[in-house]
Every structure is written in structure tokens, then in C-alpha cells.
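Notes follow once the structure below has been shown.
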Amino acid sequence: MNNLSPAELVLVKKACEITRDALNYAQTLIKPGISTKELDILVEKYIIECGGRPACKGYEGFPATICSSVNDMIVHGIPSFQTVLKEGDIISVDLVVEYKGYHGDAARTFPVGKISPEKQRLIDVTRECFFKGIENLKVGHRLGELSHAIQTHAETNGYSVVRELVGHGIGKKMHEPPNIPNYGKVTDGPLVTDNAVLAVEPMINMGRKEVWLVEDGWGVVTRDGKPSAHYENTVHVTKDGIEIWTL
Ligand code: MF3
Ligand code: CO
């Protein structure tokens with residue numbers, strides 16, 4: 001796990017603040033009739049105005065600033081003028097900002113207009129999974145305590161946890177060790193070290209856990225076609241507790 005200097009942490013924190021602000025801005029744009037590409041263009045402009053760099057763009061060939069994943073798409077949706085939001089949809093927006101070489105990463109699932117109570121509950125429980133997880137993220141404890149808490153909360157509510165995608169360390173690079181699964185035993189994983197920056201990101205399916213990769217090689221959808229939600233923040237863990245930097 002990383003252990004950045006105070007000066008480096010200032011830059012991570014700034015990247016996280018731009019990430020947070022860009023997600024809040026995205027939320028104001030989400031309404032029936034907007035396409036995910038229009039959303040992407042506006043959010044990219046916003047991040048650049050804030051002095052950040054959209055770090056997903058060009059990452060392993062990903063072509064956009066935001067990942068925009070609608071309904072049964074779990075993550076990594078490529079924005080498109082053809083994907084037009086409509087009342088009742090849910091959209092997960094995931095983005096990473098780089099600021100002077102350091103990264104912040106966060107995701108939210110937003111409702112489009114009025115959504116069903118079932119979809120709202122999925123969004124709410126996915127957010128709760130994140131908070132149950134970080135309640136169990138403690139220096140000197142196994143990372144598996146967080147993973148187990150997330151899985152337990154999701155499954156207690158009748159949902160399933162995606163296995164193929166996990167959270168991660170973050171800092172100088174978007175993806176750093178350790179992997180942070182959203183499932184597992186309390187005895188799994190490494191011991192959490194002091195001063196680590198981590199991206200914790202439950203991806204929770206309303207139905208079954210299995211996924212498909214779509215033809216563009218990026219989008220990941222549920223096999224059963226049921227909706228999925230995502231909630232992610234970049235957090236700083238110390239002996240004194242946890243700070244959430246993208247909230
Ligand atoms: N934000 C994603 C994550 O949590 C990464 C996006 S993949 C990219 O790991 F290729 F689009 F950058
Ligand atoms: Co992430």
C-alpha cells in the first residue's frame with residue numbers, strides 16, 4: 001500500500017476535490033434527453049477548467065473522460081451520442097482526475113427523472129455498502145474485513161456482488177496495489193497500513209453476480225439484464241481514522 005509524503009497527499013486531495021466537483025456538476029446535467037457523449041464533453045471541459053486532466057481518456061485506449069454505464073451496464077460504458085437518457089433510467093458516472101501527477105477516483109449512480117422504488121433501493125444499498133465497508137477499514141486489520149462487510153450488506157438485501165472488478169490503491173497511478181474485492185472473508189487480504197490512499201468501489205447487482213463484456217471491449221453488463229449500481233470514493237486511511245476525499 002502506498003505511503004505518500006505530505007506534499008504528495010496535498011496533490012491527491014486536490015485531484016479528489018476536482019473529481020467530486022465534476023461528479024456534482026455531472027449530476028446537474030443528468031435529465032431525460034441528454035446523451036452520454038454530451039455529458040462526457042461537458043464534464044471534460046469542466047475538469048480542464050478546474051486545472052485537472054481527465055485521466056481515463058487514453059487510459060489503455062479508453063476514448064472518453066467519463067465512464068457512463070446505464071441500467072444493466074455495471075461499469076466502463078463508453079459515452080455515445082446514441083445513448084440518450086430517458087426517464088426511469090439509472091446512470092453510473094465514474095471518473096478519474098489527475099492533478100500534477102496524482103489521481104482521484106470516484107463514481108456515483110444517479111437517477112434519471114423519476115425511477116422505480118426498486119432501482120432507488122439498489123442505489124441506496126450500494127452507497128450503504130461503501131459506508132459499511134469503510135467502517136471496517138482499519139490500520140493493522142485485514143483488508144478482508146472491509147470486503148466481507150460490503151458483501152454481507154449487499155447479500156442481506158438480496159443483491160449480489162460483482163467479482164470481476166475490484167477497488168484499488170491510487171496515487172501516482174490510477175491503479176496501484178492492493179486489489180480491494182467487494183467480497184471475501186475477514187481473514188483475506190493484506191493488513192491495512194498507515195497513510196494509504198485507496199479507492200473503495202462496491203459494484204452491486206440487483207440480480208445475479210455474473211457479467212458479460214460488450215462488443216466494444218469496455219462495457220461490462222449483467223448477464224441477467226437486471227440493473228447494477230456503483231458507488232466509489234477515494235479515501236485516506238490513518239491510525240486516527242478515515243477521511244473520504246471525494247465527498
Ligand atoms: N474509474 C475506474 C476505476 O475505478 C477506471 C476507469 S477505467 C478507464 O478503476 F479505463 F476508463 F480509465
Ligand atoms: Co476506481
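Both ligands and their constituent atoms are indexed starting at 1 by order of listing.
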Open item on the list: Under a 4.0 Å threshold between the charged nitrogen and the carboxylate oxygen, would Glu49 count as salt-bridged to Lys45?
Closed with: yes
Open item on the list: Can you confirm whether the side chains of Glu176 and His168 place a donor and an acceptor under 3.5 Å from each other?
Closed with: no
May I have the N/O to N/O pairs between ligand 1 and the protein that fall below 3.5 Å, each with atom names and distance to one decimal?
residue: ligand 1; atom: 1 (N); partner: Asp94; partner atom: OD1; Å: 2.9
residue: ligand 1; atom: 1 (N); partner: Asp94; partner atom: OD2; Å: 2.9
residue: ligand 1; atom: 1 (N); partner: Asp105; partner atom: OD1; Å: 3.1
residue: ligand 1; atom: 4 (O); partner: Asp105; partner atom: OD2; Å: 3.0
residue: ligand 1; atom: 4 (O); partner: His168; partner atom: NE2; Å: 3.4
residue: ligand 1; atom: 4 (O); partner: Glu201; partner atom: OE1; Å: 3.1
residue: ligand 1; atom: 4 (O); partner: Glu201; partner atom: OE2; Å: 2.8
residue: ligand 1; atom: 4 (O); partner: Glu232; partner atom: OE1; Å: 3.4
residue: ligand 1; atom: 4 (O); partner: Glu232; partner atom: OE2; Å: 3.3
residue: ligand 1; atom: 9 (O); partner: His168; partner atom: NE2; Å: 3.3
residue: ligand 1; atom: 9 (O); partner: His175; partner atom: NE2; Å: 2.6

Task: Atom of Val192, atom of Lys138 and distance for their closest heavy-atom approach - done: CB-O, 3.4 Å
TODO: May I ask you to say whether Glu210 pairs ionically with Arg223, meaning some side-chain N is under 4.0 Å from a carboxylate O?
DONE: no
Open item on the list: For the CG atom of Asp216 and the CD1 atom of Ile78, what is their distance to the nearest 0.5 Å?
Closed with: 4.0 Å
Open item on the list: Any side-chain to backbone donor/acceptor pair from His103 onto Gly171? Under 3.5 Å, distance only.
Closed with: yes
TODO: Inspect the contact between Asp224 and Arg208 and indicate whether a charged nitrogen and a carboxylate oxygen are less than 4.0 angstrom apart.
DONE: no
Open item on the list: Any salt bridge linking Asp124 with Arg121? Criterion: basic side-chain nitrogen under 4.0 Å from a carboxylate oxygen.
Closed with: no
TODO: Show all protein N/O/S atoms under 2.8 Å from the Co ion (ligand 2), or state that there are none.
DONE: Asp105 OD2, His168 NE2, Glu201 OE2, Glu232 OE2
- [ ] Step through the shown structure and confirm whether more than 12 heavy atoms of other residues, nucleotides or ligands are within 6.0 Å of NZ on Lys132.
- [x] no
